[in-house]
Amino acid sequence: MDRIVRFLKTQPIWIFVVFCIVLFSFSSEYFFDITNFQNILIQTSTIGFIALGMTVVMINGNIDLSVGAVVALSASLAIELQGSIGIPAAVLIALASGALLGMLNGVIVWKTGVDAFIVTLGAMIGIRGLVFVYTGEQSFYASDFAYSDFGSSSVFGFPTLALLFLVATLIMHFVMKYTVHGRNSYAVGGNRKSAIDAGIRVGPHMMINFMLVGFFAALAGVTLSTQMGASTPNLGRDFELWTITAVVLGGTRLTGGAGSIMGTLGGVLAIGILRNGLNLLQVPAFYVLVIMGSILILVLFIDKKVNQTERGGVSA
């Protein structure tokens with residue numbers, strides 16, 4: 001019991017998740033159903049994949065705004081190329097494209113010293129333009145039904161995409177909590193100068209983390225295209241905003257140095273449960289956006305106050 005209490009103190013987002021589950025369970029007779037919970041996991045897996053990589057980058061003290069465009073590019077590559085080189089090769093190329101674009105972002109941030117926000121904002125615009133050029137502003141459709149069947153498949157009655165997301169979450173949790181790379185991420189985000197003094201190669205380290213978020217964004221694009229059986233040039237619009245919202249809700253600080261994969265999982269589920277529950281209650285979509293935006297502003301306000309308290313600062 002003590003461990004649960006300590007966990008909830010360090011991961012308060014899970015209190016909010018439990019609150020939402022209880023609230024919507026009493027509000028809608030359709031919410032508390034195993035099939036509905038599976039649907040929530042499937043629906044949130046896309047943002048969830050990206051959020052895993054974004055958490056590492058943000059703990060590092062950076063951010064990546066190009067993830068939505070990478071989703072569109074990887075989905076387009078996976079769909080369009082499979083007719084000529086087969087599904088496995090097309091998927092590998094799609095995933096590699098995300099990692100390579102992430103590496104490019106990381107190298108630019110590392111070598112130029114330009115803020116990651118500016119670099120990835122430019123990448124977001126450039127990659128989205130590349131997607132429109134590559135697709136000719138047209139949608140692509142999967143020619144092999146085996147590809148789209150994967151998005152609706154299950155393993156022992158559990159949706160494959162949800163299982164894949166949970167496995168990826170466990171892997172990243174292990175990486176961030178029990179490996180040198182994970183500890184270095186917190187060190188770099190907490191105090192970059194001290195990390196350099198400690199012998200951490202900050203530039204290559206950041207590049208690897210940008211590659212991680214690029215890979216996960218590409219994986220999100222591939223899995224989303226298996227659900228749709230298609231890709232569109234506009235795929236992934238605003239995904240970067242939803243992803244950052246989930247990560248911040250999960251307790252990762254925008255200033256870096258603090259956060260966790262389990263917290264991010266809670267943030268992802270909080271968004272998924274809120275959207276699902278409000279939809280079941282037939283709340284108009286624009287009200288859902290207002291509620292989510294208000295929650296994000298509240299969390300950012302709390303985060304700022306916590307930072308000021310810990311640093312002994314005062315607001316201007």
Side-chain angles (χ1 to χ4, degrees), residues 46-77 94-134 172 176 181 184-186 188-190 192 195 201-222 224 233-250 252-259 261 264 267-268 296 300 303:
T46 302
I47 296 298
F49 281 126
I50 309 172
L52 295 179
M54 188 70 80
T55 300
V56 181
V57 169
M58 288 176 64
I59 287 174
N60 229 167
N62 293 304
I63 201 166
D64 190 343
L65 300 179
S66 67
V67 289
V70 172
V71 166
L73 179 62
S74 62
S76 298
L77 288 170
L95 296 177
S97 71
L100 288 172
L101 289 170
M103 182 176 71
L104 180 61
N105 284 336
V107 168
I108 294 173
V109 172
W110 169 21
K111 294 297 185 181
T112 66
V114 177
D115 190 271
F117 181 92
I118 302 299
V119 172
T120 58
L121 177 62
M124 175 184 72
I125 298 169
I127 296 170
R128 183 67 67 178
L130 180 62
V131 172
F132 277 98
V133 171
Y134 178 71
M172 290 306 299
M176 293 303 293
H181 183 82
N184 287 349
S185 294
Y186 288 99
V188 172
R192 189 166 298 185
R201 299 182 64 201
V202 172
H205 174 81
M206 291 193 305
M207 183 189 71
I208 291 172
N209 286 338
F210 274 107
M211 291 178 68
L212 274 174
V213 72
F215 169 81
F216 276 116
L219 179 59
V222 171
L224 182 58
N234 283 311
L235 201 66
R237 289 274 188 190
D238 298 330
F239 276 20
E240 57 279 345
L241 301 181
W242 285 110
T243 300
I244 294 169
T245 300
V247 175
V248 172
L249 284 176
T252 299
R253 294 182 186 168
L254 291 172
T255 52
I261 295 297
T264 291
V268 169
L296 178 60
L300 290 174
D303 178 74

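Val70 is not listed as a side-chain neighbour of Phe215, based on a closest heavy-atom distance of 4.5 Å or more. Using a 4.5 Å heavy-atom cutoff, the side chains of Asn62 and Asn209 are not in contact. Inter-residue side-chain proximity for Thr252 and Met54 is flagged as unmet; no heavy-atom pair is nearer than 4.5 Å. The shortest distance between side-chain heavy atoms of Val56 and Leu52 does not fall below 4.5 Å. Side-chain contact between Val67 and Val213 is present, with heavy atoms from C-beta onward closer than 4.5 Å.
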Check against side chain to side chain contact (heavy atoms under 4.5 Å, CB included), Glu240 and Thr120: CA-CA 11 Å; Glu240 57 279 345; Thr120 58; over 6 Å; no
From CA spacing to verdict: side chain to side chain contact (heavy atoms under 4.5 Å, CB included), Leu101, Ser66: CA-CA 9 Å; Leu101 289 170; Ser66 67; over 6 Å; no
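Residues passing the side-chain contact (heavy atoms from CB on, under 4.5 Å) test with Arg201, sequence neighbours excluded: Pro204. Take Ala220 and apply the side-chain contact (heavy atoms from CB on, under 4.5 Å) test, not counting sequence neighbours, and it matches Thr46, Phe49, Ile50, Val71.
The two residues Ala116 and Phe210 make their nearest non-hydrogen contact at CB-CZ, 3.8 Å. Nearest heavy atoms, Gly98 versus Ala218: CA-CB, 3.8 Å. Contact record, Ile59 with Ala258: CG1-O, 3.8 Å, taken as the closest heavy-atom pair.
Using modelled atom types, one side-chain atom of Arg128 and one backbone atom of Pro233 make a donor-acceptor pair closer than 3.5 Å. Counting only distance, with no hydrogens or angles, the side chain of Asp115 and the backbone of Phe117 share a donor-acceptor pair below 3.5 Å.
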